[in-house]
Student: 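Submitted below is the structure of interest, expressed as structure tokens.
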Amino acid sequence: MITHCLTDASILGFLTEMDEAFELSEDTWIELEGELDITTYDGVQIPTIKITKWKTIEEPSEPYVYPVLTLTS
């Protein structure tokens with residue numbers, strides 16, 4: 001995620017669970033379907049995705065997320 005410029009980029013993601021995780025190489029992009037759940041990680045409850053279906057994909061042409069503020073009147 002980028003909030004200002006590339007130098008402030010940070011990782012944004014969810015903890016996921018899938019049986020085939022060992023098949024994925026570093027920097028592999030996947031498209032997934034799954035079920036949202038809650039798990040405990042380091043003593044804290046956090047959301048997790050239990051992956052039920054997935055496939056590898058090419059890196060998106062724009063791989064960053066830019067938060068956008070929309071002002072309404």
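One is the number of the first residue; the rest follow in order along the sequence.
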Student: Evaluate whether atom CD of Glu20 has more than 12 neighbouring non-hydrogen atoms of other residues, nucleotides or ligands under 6.0 angstrom away.
Tutor: yes
Student: Hey, are the side chains of Thr16 and Trp54 touching, using non-hydrogen atoms and a 4.5 Å cut-off?
Tutor: no
Student: State which residues pass side chain to side chain contact (heavy atoms under 4.5 Å, CB included) with Pro63; sequence neighbours excluded, sorted by chain then number.
Tutor: Trp29, Glu59
Student: If you round to the nearest 0.5 Å, how far is NZ of Lys50 from CG of Leu32?
Tutor: 14.5 Å
Student: Applying a strict under-4.5 Å side-chain criterion to I, L, V, M, F, W and Y, I'd like to know whether Ile38 and Leu36 cluster together.
Tutor: no
Student: I need the Asp37 CG to Ile46 CD1 distance, nearest 0.5 Å.
Tutor: 11.0 Å
Student: How far does OG1 of Thr56 sit from CD of Glu23, to the nearest 0.5 angstrom?
Tutor: 10.5 Å
Student: Would you indicate whether the side-chain heavy atoms of Thr48 and Phe14 approach each other to under 4.5 Å?
Tutor: no
Student: Looking at CD of Glu31 and NZ of Lys55, how far apart are the two atoms once the value is rounded to the nearest 0.5 Å?
Tutor: 4.5 Å
Student: Let me check something: do Ile49 and Ile30 share a hydrophobic cluster, defined by ILVMFWY side-chain heavy atoms less than 4.5 Å apart, either directly or through other members?
Tutor: yes
